[in-house]
Amino acid sequence: MKKGKKLYEGKAKIIYSTSDKNLIIQYFKDDATAFNNEKRTIIEGKGVLNNRISEHILTNLSQIGIENHLVKRLNMREQLIKFVEIIPIEFVIRNVATGSLTKRLGIEDGTVLKEPLIEYCLKDDKLGDPLISEDHIYAFEWANKKEIEKIKKTIFRINDFMIGMFRGVGIKLIDFKLEFGRTKIDGRKEIILADEISPDTCRLWDSATDKKLDKDRFRKDLGDLLPAYTEVAKRLGILHEQSNVSAVNVTKLSSIKKKRK
Ligand code: 5GP
């Protein structure tokens with residue numbers, strides 16, 4: 001598969017064309033941004049961890065029948081993915097109230113929701129991804145009723161699966177953001193899961209201590225973002241206990257000296 005030209009550069013990822021028009025390459029950058037790009041920095045190694053964690057989650061979701069855009073991980077920072085027409089909506093699902101929900105509605109931070117709650121935001125950086133209702137989606141034809149019904153069902157399944165997966169490794173899944181896209185499967189238009197699922201797009205709290213293991217470490221200046229993402233990867237069994245992501249940043253290999261006997 002030959003890598004072609006850059007098609008699009010977003011805040012955390014770059015998309016490249018390939019020699020196959022149905023496939024593209026998704027490159028995970030180290031850039032961390034928050035508050036609609038007002039706050040930004042580079043955290044070396046973040047892209048590598050998000051690539052691995054997202055690959056792990058999307059592969060597991062495929063195994064339970066949830067179709068998604070991942071074809072395969074190509075290397076430390078790149079994935080081969082299916083080209084989809086992205087639906088311009090960020091689907092947020094919440095199990096515990098925090099973040100913009102608590103600010104917007106004055107709900108106490110950490111309130112466990114009786115049922116998972118889905119919110120829709122228009123994917124538009126210039127407008128700051130505003131919250132929209134389901135009726136807005138139909139009024140402006142961003143998606144139709146059949147598509148939204150299918151997406152909602154899929155979101156609840158993904159949420160149930162991910163709650164269990166994270167709970168098994170001592171992590172509470174607080175909320176997360178998903179994106180979906182349209183593609184053709186056997187000549188039929190289908191909706192599949194797209195983008196990424198990683199600590200950049202989820203809120204993950206340690207089950208015992210409520211320590212934040214996600215992008216809120218950057219948003220709230222808590223520091224130690226890379227160790228937190230590494231911890232998530234280790235608990236999911238992606239990185240071995242001894243692994244250190246800094247190893248991937250080594251550009252020159254130092255020569256190995258043999259010990260004299
Ligand atoms: P909130 O609306 O509370 O800021 O975010 C809810 C959840 O969706 C959080 O897990 C957050 O990480 C995710 N989320 C919402 N919008 C975005 C976005 O534009 N980019 C990323 N990376 N995550 C988002």
Side-chain angles (χ1 to χ4, degrees), residues 8-15 26-43 46-47 49-51 53-54 57-58 79 86-113 116-133 136-137 142 151-152 154-156 158-159 161-163 165-166 171-181 193-206 210-222 225-226 228-229 232:
Y8 167 80
E9 179 158 1
K11 285 175 281 185
K13 292 187 290 290
I14 306 173
I15 299 294
Q26 173 167 252
Y27 176 98
F28 287 76
K29 302 198 289 183
D30 283 338
D31 302 53
T33 66
F35 313 120
N36 207 14
N37 231 353
E38 271 171 34
K39 180 174 176 172
R40 52 180 137 166
T41 191
I42 290 180
I43 300 173
K46 180 176 81 75
L49 285 163
N50 282 345
N51 184 16
I53 294 170
S54 193
I57 297 175
L58 265 54
Q79 297 179 348
I86 286 282
I87 294 173
I89 296 165
E90 295 191 340
F91 297 86
V92 171
I93 176 131
R94 303 178 184 273
N95 299 306
V96 175
T98 192
S100 70
L101 175 66
T102 50
K103 280 199 206 96
R104 208 185 318 125
L105 302 179
I107 310 290
E108 194 183 336
D109 197 83
T111 305
V112 177
L113 303 172
L117 174 70
I118 295 180
E119 289 179 337
Y120 310 99
C121 297
L122 181 64
K123 230 174 109 62
D124 188 326
D125 284 343
K126 276 186 255 123
L127 299 176
D129 299 341
L131 186 73
I132 53 171
S133 73
H136 286 109
I137 299 176
W142 290 314
I151 288 172
K152 281 204 297 198
T154 308
I155 292 176
F156 286 127
I158 294 172
N159 188 45
F161 175 81
M162 281 178 46
I163 286 177
M165 181 186 75
F166 279 117
I171 293 173
K172 287 193 253 184
L173 178 62
I174 304 302
D175 58 30
F176 57 107
K177 185 255 307 180
L178 295 173
E179 293 185 25
F180 290 85
L193 176 66
D195 195 46
E196 68 173 292
I197 305 182
S198 72
D200 262 12
T201 62
C202 301
R203 284 201 177 92
L204 305 167
W205 295 358
D206 178 82
D210 278 350
K211 181 180 168 187
K212 283 151 183 77
L213 301 170
D214 56 63
K215 197 172 152 188
D216 271 356
R217 300 209 71 80
F218 168 67
R219 294 187 188 104
K220 298 179 170 208
D221 291 323
L222 300 172
L225 180 137
L226 207 62
Y229 283 32
V232 172

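Both ligands and their constituent atoms are indexed starting at 1 by order of listing.
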Q: State which residues pass ring-ring contact (aromatic ring centres under 6.0 Å, His included) with Phe166; sequence neighbours excluded, sorted by chain then number.
A: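 Partners of Phe166 by the ring-ring contact (aromatic ring centres under 6.0 Å, His included) criterion come out as none, since no residue qualifies.
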Q: Which residues pass the ring-ring contact (aromatic ring centres under 6.0 Å, His included) test with Trp142, not counting sequence neighbours?
A: Phe140
Q: Does NZ or CZ of Lys212 come closer than 6.0 Å to the centre of the six-membered ring of Trp205, within 45° of the ring's axis?
A: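 Here Lys212 passes the 6.0 Å and 45° test against Trp205.
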Q: Quick check for students: name every N or O atom pair between ligand 1 and the protein closer than 3.5 Å, with distances.
A:
| unit_1 | atom_1 | unit_2 | atom_2 | d |
| --- | --- | --- | --- | --- |
| ligand 1 | 2 (O) | Arg94 | NH2 | 2.8 |
| ligand 1 | 2 (O) | Ser100 | OG | 2.6 |
| ligand 1 | 3 (O) | Arg94 | NH1 | 3.3 |
| ligand 1 | 3 (O) | Arg94 | NH2 | 3.3 |
| ligand 1 | 3 (O) | Ser100 | N | 2.9 |
| ligand 1 | 3 (O) | Ser100 | OG | 3.4 |
| ligand 1 | 3 (O) | Arg203 | NH1 | 2.9 |
| ligand 1 | 3 (O) | Arg203 | NH2 | 3.4 |
| ligand 1 | 10 (O) | Asp175 | OD1 | 2.6 |
| ligand 1 | 10 (O) | Thr201 | O | 3.4 |
| ligand 1 | 10 (O) | Arg203 | N | 3.4 |
| ligand 1 | 12 (O) | Arg219 | NH2 | 2.9 |
| ligand 1 | 16 (N) | Glu90 | OE1 | 3.2 |
| ligand 1 | 19 (O) | Glu90 | OE1 | 3.4 |
| ligand 1 | 19 (O) | Glu90 | OE2 | 3.3 |
| ligand 1 | 19 (O) | Asp129 | OD2 | 3.4 |
| ligand 1 | 22 (N) | Asp200 | O | 2.9 |

Q: So do Glu179 and Leu193 actually touch side chain to side chain, heavy atoms under 4.5 Å?
A: no
Q: Do Thr33 and Arg219 get their side chains close enough for a donor-acceptor pair, meaning under 3.5 Å?
A: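 No.
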Q: How would you list all residue pairs meeting side chain to side chain donor-acceptor pair (under 3.5 Å) that involve residues 34-43, not counting sequence neighbours?
A: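 Every pair satisfying side chain to side chain donor-acceptor pair (under 3.5 Å) with a residue in residues 34-43: Lys39-Asp221.
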